[in-house]
Amino acid sequence: MRIGITCYPTYGGSGVVATELGQELAARGHEVHFISYAPPIRMNLNDPNVSFHEVEVSTYPLFDHPPYTLALATKMLEVFELESLDLLHVHYAIPHSVSAMLARAMAAPRRLPFITTLHGTDITLVGTNREYLPITRFSIEQSDGVTAISQYLRTQTVKVFNIQRPIEVIPDFVNCDVYKRSEDASFRARFAPSGEPIFMHLSNFRPVKRPVDTVEIFALVRAKMPAKLVMIGDGPDRATAEYLAHEKGLREDVHFLGKQDAVHEKLASADLFLLPSQLESFGLAALEAMACEVPVIATNVGGVPEVVENGVDGYLVEPGDVAQAARHAIEILSRADRGREMGRRARAHAKEKFSAKDVVPLYERYYASVIAQSAGS
Ligand code: GMT
């Protein structure tokens with residue numbers, strides 16, 4: 001198949017899933033064309049089946065807000081015509097599905113079906129904003145296919161938008177051949193030279209991720225035992241989290257690495273992963289940690305319980321309950337095996353339910369059914 005994929009190329013789960021999906025599809029022989037304003041961060045341009053088409057948005061004195069949505073629609077049409085795309089797959093509803101809708105209309109009577117994958121905040125935050133709700137609903141209804149990354153997100157979408165059409169649940173996935181345990185001695189020597197357990201957090205540091213709670217949890221643990229915290233990613237709440245670490249006298253113990261490539265290499269050396277989000281439709285970062293045999297302490301919100309089984313892969317706590325999260329962390333790390341067995345169960349669970357080799361074929365089958373349906377309509 002020839003597939004056009006549009007996503008946010010920046011740091012964020014939806015862009016990561018879109019890119020990993022594109023890479024996996026390319027490895028399975030499909031031709032994948034990423035269409036966005038910048039190359040997605042995890043994209044491998046060395047793959048002959050992958051190409052990137054940049055959307056350029058020209059400015060004009062009248063444009064206070066250059067119309068990216070229109071430039072994207074035009075680029076989608078151009079790529080469809082040049083590359084004979086069979087399908088567009090857009091990740092994150094706003095504004096990508098609106099652009100795809102326009103591209104499909106411009107392509108007619110030729111067929112350019114599009115699938116929208118809902119990731120979370122496009123429904124739970126942005127989509128519920130009154131300014132975007134009607135157009136989000138309309139673009140979901142108009143899509144040739146719609147997928148959601150968890151049962152929770154499907155239920156929310158139906159409820160919030162009163163959606164009548166079917167929505168397929170295809171979960172986030174992880175490549176378990178890439179995300180696996182492989183402790184890096186130099187990473188340990190750098191961040192935990194005396195063998196301290198390494199806590200890790202990975203996110204885009206937006207308020208919904210509550211990175212400040214990560215530091216709070218760590219501070220409570222650190223008061224009881226030696227430990228180190230590695231914070232990966234960047235975003236609006238990073239400065240507050242860094243300030244808190246400084247205030248608590250933890251500058252030597254908390255390391256902010258900013259945006260990183262090859263996060264699997266870092267996760268593979270962690271002992272415990274913290275994801276204290278206010279809301280999470282799936283929690284891809286938690287799944288990636290699990291695949292690396294890292295137990296997870298996360299919040300009991302949204303789709304997270306579909307991913308992390310409480311007491312098995314780690315623990316779930318209520319948002320903001322940093323004390324309970326710290327108690328669980330101390331309990332895991334005080335075990336004779338420092339949580340290794342729990343980590344192994346987490347990986348087994350990740351492999352069994354969310355392995356790329358099982359989930360990517362679900363997308364392939366869904367693509368084929370949407371293309372066939374569009375051809376028949
Ligand atoms: O909110 C984010 O962290 C980014 C957002 C995105 O769309 O880029 O992430 C959402 O999509 C991820 C990939 O499907 C999910 O794993 C995250 O749970 C989801 N985030 C939220 O629902 C807050």
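Just the heavy atoms: all of them, side chains too, but no hydrogens, waters or symmetry mates, feed the values below. Every value quoted in this text rests on a predicted model; they were computed, and no experiment measured them. By convention here, the first residue in the shown sequence is residue 1.
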[atom1] of [X]: more than 12 outside heavy atoms within 6.0 angstrom?
X      : atom1 : value
Arg28  : CZ    : yes
Gln373 : CD    : no
Leu250 : CG    : yes

Check the pair Phe138 / Met101 against side chain to side chain contact (heavy atoms under 4.5 Å, CB included), numbers first and verdict last. CA-CA 10 Å; Phe138 186 65; Met101 207 162 64; 3.7 Å; yes

Does the ring center of His119 lie less than 6.0 Å from the ring center of Phe282? no

Do Tyr363 and His89 make the cut of ring centroids closer than 6.0 angstrom? yes

Quick one: side chains of residues 52-59, donor-acceptor pairs under 3.5 Å with protein atoms, not counting sequence neighbours, listed by atom name and distance.
residue, atom, partner, partner atom, Å
His53, NE2, His33, ND1, 2.8

How would you list, by chain and number, every residue that makes a side-chain contact (heavy atoms from CB on, under 4.5 Å) with Ala286, sequence neighbours excluded? Leu275, Val296, Val308

Taking side-chain contact (heavy atoms from CB on, under 4.5 Å) as the definition, give me every residue that meets it alongside Arg347, ordered by chain and number, with sequence neighbours left out. Cys176, Lys180, Ala291, Glu293, Lys351

Roughly how far, to the nearest 0.5 Å, is [atom2] of [Y] from [atom1] of [X]?
X      : Y      : atom1 : atom2 : result
Asp86  : Arg2   : CG    : CZ    : 6.0 Å
Met225 : Ser334 : CE    : OG    : 5.0 Å
Leu77  : Ser99  : CG    : OG    : 12.0 Å
Arg210 : Leu279 : CZ    : CG    : 11.5 Å
Phe80  : Leu87  : CZ    : CG    : 11.0 Å
Thr157 : Arg137 : OG1   : CZ    : 12.0 Å

Could you check whether any side-chain N or O of [X] sits under 3.5 Å from a backbone N or O of [Y], counting only pairs where one atom can act as donor and the other as acceptor?
X      : Y      : value
Arg188 : Glu183 : no
Arg165 : Ile140 : yes
Tyr132 : Ile123 : no
Asn300 : Glu318 : no
Glu306 : Tyr152 : yes
Thr74  : Leu70  : yes
Thr299 : Ser277 : yes
Asn204 : Gly12  : no
Arg181 : Cys292 : yes
Thr19  : Met43  : no

same_hphob_cluster([X], [Y]) at 4.5 Å side-chain heavy-atom cutoff:
X      : Y      : answer
Ile198 : Leu229 : no
Ile332 : Leu267 : no
Val294 : Val263 : yes
Leu244 : Leu274 : yes
Met231 : Val16  : no

Below 4.5 Å, heavy atoms only, C-beta onward: do [X] and [Y] meet side chain to side chain?
X      : Y      : result
Arg327 : Ile330 : no
Leu202 : Phe273 : yes
Tyr367 : Ile115 : yes
Phe114 : Ser97  : yes
Pro171 : Lys353 : no
Glu364 : Leu25  : yes
His91  : Leu21  : yes
Val174 : Met290 : no

Any carboxylate oxygen within less than 4.0 angstrom of a Lys/Arg side-chain nitrogen, looking at [X] and [Y]?
X      : Y      : value
Asp337 : Arg340 : no
Arg238 : Glu242 : yes
Lys228 : Asp271 : no
Glu331 : Arg335 : yes

Output, in order, the C-alpha distance, side-chain angles, deciding distance and verdict of side chain to side chain contact (heavy atoms under 4.5 Å, CB included) for Met76 and Val90. CA-CA 11 Å; Met76 285 168 163; Val90 303; 3.7 Å; yes

Yes or no on side chain to side chain contact (heavy atoms under 4.5 Å, CB included) for Arg222 and Lys248, after CA distance, side-chain angles and deciding distance? CA-CA 10 Å; Arg222 184 65 194 86; Lys248 291 195 178 274; over 6 Å; no

Report yes or no: do Glu24 and Asn175 form a side-chain donor-acceptor pair below 3.5 Å? yes

Verify whether one side chain among Thr117 and Thr147 offers a donor that lies under 3.5 Å from an acceptor in the other. yes

Which of Glu341, Arg344, Met342, Arg345 passes side chain to side chain contact (heavy atoms under 4.5 Å, CB included) with Pro295? Answer is Met342

Contact list for residues 297-352, test ring pair (Phe, Tyr, Trp, His ring centres under 6.0 Å), sequence neighbours left out: Tyr315-His328

Show every ring pair (Phe, Tyr, Trp, His ring centres under 6.0 Å) that has at least one partner inside residues 212-258, sequence neighbours left out. Phe191-His255, Phe199-Phe218

Quick one: do Ile297 and Ile217 satisfy side chain to side chain contact (heavy atoms under 4.5 Å, CB included)? Show the steps, please. CA-CA 10 Å; Ile297 296 181; Ile217 295 164; 5.7 Å; no

Measure up the Tyr8 and His96 rings against each other and bin them: parallel (under 30°), tilted (30 to 60°), perpendicular (over 60°). tilted

Just grab all the salt bridge (Lys or Arg N to Asp or Glu O under 4.0 Å) pairs involving residues 97-115, residues at least two apart or on different chains. Glu81-Arg110, Arg104-Asp144

Give the intermediate values and the outcome of salt bridge (Lys or Arg N to Asp or Glu O under 4.0 Å) for residues Glu168 and Arg154. CA-CA 8 Å; Glu168 188 89 1; Arg154 172 165 64 184; over 6 Å; no

Can you name the nearest heavy-atom pair linking Cys7 to Pro40, along with the distance? SG-CG, 4.0 Å

